[in-house]
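Inspection log for the structure reproduced underneath, given as structure tokens.
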Amino acid sequence: MIYNPVVADCNRQLSMECGAKSSRGAYAALWLLLGINLFNYIDRQVLAAVEPDIRASFFAANDAHAMTKTGALGSAFLVTYMLSAPILGFLADRLSRWVIVGVAVILWSLATGGSGLAATFTILFATRICVGIGEGGYGSAAPTILSDLFPIETRGRVMAFFFAAIPVGSALGYVLGGLIGTTLGWRWAFYMVAPPGLLLGLLCFWQQDPRVAGHHLVQKSPRRHLTDYWHLFWTPSYLFNCIAQTLMTFAVGGLGYWISEYLTYRNQSPAVARTIFGLILVVAGLSSTLIGGVVADRLRTRFPGAYFWISGIGMLVACPIFVASLYIPFPGAWVAMFLAIFFLFLNTGPSNTALANVSLPAVRATAFAINILIIHLLGDVQASWLLGYIADHKNMHVAFLFVSVVILASGVAWLVGAKYLPADTIAVEAATATESTSI
């Protein structure tokens with residue numbers, strides 16, 4: 001089911017005429033992609049949950065650099081994820097996005113199962129590289145499919161629903177990974193994730209690319225020019241969004257990777273702490289992600305920069321609450337953590353919707369792919385090893401204090417970029433409307 005390169009990118013007006021948007025097929029695609037995204041983040045957090053067990057399996061207890069080395073597992077995944085995303089995103093703008101997603105999901109599912117079979121740390125390192133390549137194809141194509149299927153009026157809510165898999169999947173991976181690792185061993189935590197991913201990947205090959213019109217007529221695709229890609233770097237709201245998301249990704253990625261070690265540092269029982277934190281992540285993260293998308297959509301008509309205002313204010317509120325959680329004794333610290341996580345995830349739907357809204361449909365997958373490259377290259381790729389380095393030479397408290405500064409900077413970047421978002425969104429909508437009349 002390879003997508004013919006002469007088939008059109010069906011823009012918003014054309015898609016509404018052919019009944020493609022918000023249809024039964026669109027919501028079926030949303031549910032499938034949501035399921036894939038759920039297991040995507042389960043896989044990522046399984047590694048964080050069993051990191052202490054992996055460290056104990058491959059390194060001596062007195063190895064001063066053990067945390068830095070296991071932190072490199074996260075970096076191995078993220079480096080290949082961010083480097084493969086632009087290549088696979090470029091292909092997703094030219095081939096069937098569903099085929100790209102299907103192949104990518106099957107690849108990272110097989111690699112995840114292979115992580116459990118790793119006999120040496122080097123082999124485990126290699127499997128995480130393969131997981132990164134697979135997720136690079138999925139990460140750039142999936143949100144682009146949803147942007148093609150749903151109009152701008154409801155896109156924020158749809159994106160919020162899709163990205164709600166981040167807190168839920170992360171929490172499930174963290175809790176289930178910890179429970180399975182404790183009862184069956186850390187290898188089984190990886191084995192359990194592979195079969196559902198393989199099934200979901202196979203289902204992708206029965207989906208129709210949204211760029212093919214509902215009546216199945218082949219439309220002529222507008223030619224992509226180098227200037228279309230270069231235009232992304234001259235779009236102020238896109239750049240500020242990338243900066244803010246990079247800082248946010250550093251904070252959230254670093255916290256997610258090292259939270260297990262931090263809770264142990266705070267003398268919390270590993271099994272109990274993992275469960276409590278997982279529940280907090282599900283409730284706070286899920287509710288925040290959904291609320292952020294709905295509120296931003298409703299405010300957009302009155303405040304055109306609402307997607308950035310919601311994102312920025314959330315980070316500024318989260319910063320002092322997060323700092324307080326580092327000093328408040330347990331169990332009171334759990335309350336502060338809940339509130340900090342709630343405001344940290346408020347940006348998830350709005351910020352990703354803004355990415356779609358300020359990029360032309362013809363290069364939208366590439367826009368998401370470039371964003372993936374930037375936010376991971378400078379974000380959580382650096383966070384996993386850097387926070388481990390700080391913890392090795394200082395302690396986890398100092399490492400997490402550093403994160404609070406990054407959270408603050410992220411909020412400031414979104415607020416500064418808010419004044420550019422309305423004009424950039426209007427420019428893309430006008431260009432899209434012009435494209436539709438010329439096809």
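Values in this document were obtained by computation on a predicted structure and should not be read as measured data.
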Quiz item: In terms of ring plane angle, is the pair Y138 and F162 parallel, tilted or perpendicular, where the classes change at 30° and 60°?
Solution: tilted

Quiz item: Any salt bridge between D148 and R97, counting N to O under 4.0 Å?
Solution: yes

Exercise. Could you list all the ring pair (Phe, Tyr, Trp, His ring centres under 6.0 Å) pairs where at least one residue sits in residues 346-367, not counting sequence neighbours?
Key: none

Self-check item: Salt-bridge criterion met for D53 and R187 (N-O under 4.0 Å)
Solution: no

Quiz item: Can you check whether V46 reaches V193 side chain to side chain, under 4.5 Å on heavy atoms?
Solution: yes

Quiz item: So among D297, N357, T353, N352, which one has a side-chain hydrogen bond (donor to acceptor under 3.5 Å, both in side chains) with R155?
Solution: N357

Quiz item: When you check the gap from the basic side-chain N to the acidic O, do R55 and E261 get nearer than 4.0 Å?
Solution: yes

Quiz item: Can you find a side-chain donor-acceptor pair between D424 and S237 that sits under 3.5 Å?
Solution: yes

Quiz item: Should Y265 and F400 be marked as a ring-ring contact (aromatic ring centres under 6.0 Å, His included) after you check the CA-CA gap, both sets of side-chain angles, and the distance that decides it?
Solution: CA-CA 12 Å; Y265 170 80; F400 275 29; 9.0 Å; no

Quiz item: Can Y307 and N347 be said to form a side chain to side chain donor-acceptor pair (under 3.5 Å), step by step?
Solution: CA-CA 8 Å; Y307 291 132; N347 69 83; over 6 Å; no

Practice problem: Using only heavy-atom distances, determine whether the side chains of D43 and T112 contain a donor-acceptor pair under 3.5 Å. | Solution: yes

Exercise. Please report the C-alpha distance between W414 and M248 in whole Å, then the side-chain angles of each, then the deciding distance to 0.1 Å, and finally whether the side-chain contact (heavy atoms from CB on, under 4.5 Å) criterion is met.
Key: CA-CA 10 Å; W414 265 313; M248 181 273 295; 4.1 Å; yes

Exercise. Kindly write out the residues that satisfy side chain to side chain contact (heavy atoms under 4.5 Å, CB included) with F338, not counting sequence neighbours, or none if the list is empty.
Key: I280, V283, A284

Quiz prompt | Polar side-chain atom of Q207 near backbone of A29 as donor-acceptor pair, under 3.5 Å | solution = no

Quiz item: Where do I370 and Y238 land on the side-chain contact (heavy atoms from CB on, under 4.5 Å) test, with the steps shown first?
Solution: CA-CA 11 Å; I370 293 172; Y238 181 84; 3.6 Å; yes

Exercise. Give a yes or no on whether Y389 atom OH has more than 12 heavy-atom contacts from other residues, nucleotides or ligands under 6.0 Å away.
Key: no

Quiz item: So which heavy atom on G132 is nearest to which on T80, and how close?
Solution: CA-OG1, 3.4 Å

Practice problem: Given ring-ring contact (aromatic ring centres under 6.0 Å, His included), test H397 with Y327 step by step and report yes or no. | Solution: CA-CA 9 Å; H397 179 79; Y327 291 93; 4.9 Å; yes

Quiz prompt | A365 to G89 - nearest heavy-atom pair and separation | solution = CB-O, 3.6 Å

Quiz item: Can the ring centroids of F121 and F59 be said to lie less than 6.0 angstrom from one another?
Solution: yes

Quiz item: Just by modelled atom types, is the F190 backbone N or O under 3.5 Å from a matching donor or acceptor in the S115 side chain?
Solution: no

Quiz prompt | Closest contact, heavy atoms only, L247 versus V406 | solution = O-CG1, 3.1 Å

Self-check item: Chi angles and distances behind the side-chain contact (heavy atoms from CB on, under 4.5 Å) call for I243, T246
Solution: CA-CA 5 Å; I243 293 171; T246 297; 5.7 Å; no

Quiz item: Around atom CZ of R298, are there more than 12 heavy atoms of other residues, nucleotides or ligands at under 6.0 Å?
Solution: no

Exercise. Taking atom CH2 of W334 as the centre, report whether more than 12 heavy atoms of other residues, nucleotides or ligands fall under 6.0 Å from it.
Key: yes

Practice problem: Locate the shortest heavy-atom distance separating P350 from G292; write the atom from each residue and the value. | Solution: CG-O, 3.4 Å

Practice problem: Decide side-chain contact (heavy atoms from CB on, under 4.5 Å) for L316 and I407; before the verdict, give the C-alpha distance in whole Å, the side-chain angles of both, and the deciding distance to 0.1 Å. | Solution: CA-CA 7 Å; L316 294 184; I407 293 173; over 6 Å; no

Practice problem: Side-chain contact test, heavy atoms from C-beta onward, threshold under 4.5 Å: evaluate it for F161 versus T289 and give yes or no. | Solution: no

Exercise. Compute the centroid of each ring, for Y81 and then for W108, and state whether the two points are separated by less than 6.0 Å.
Key: no

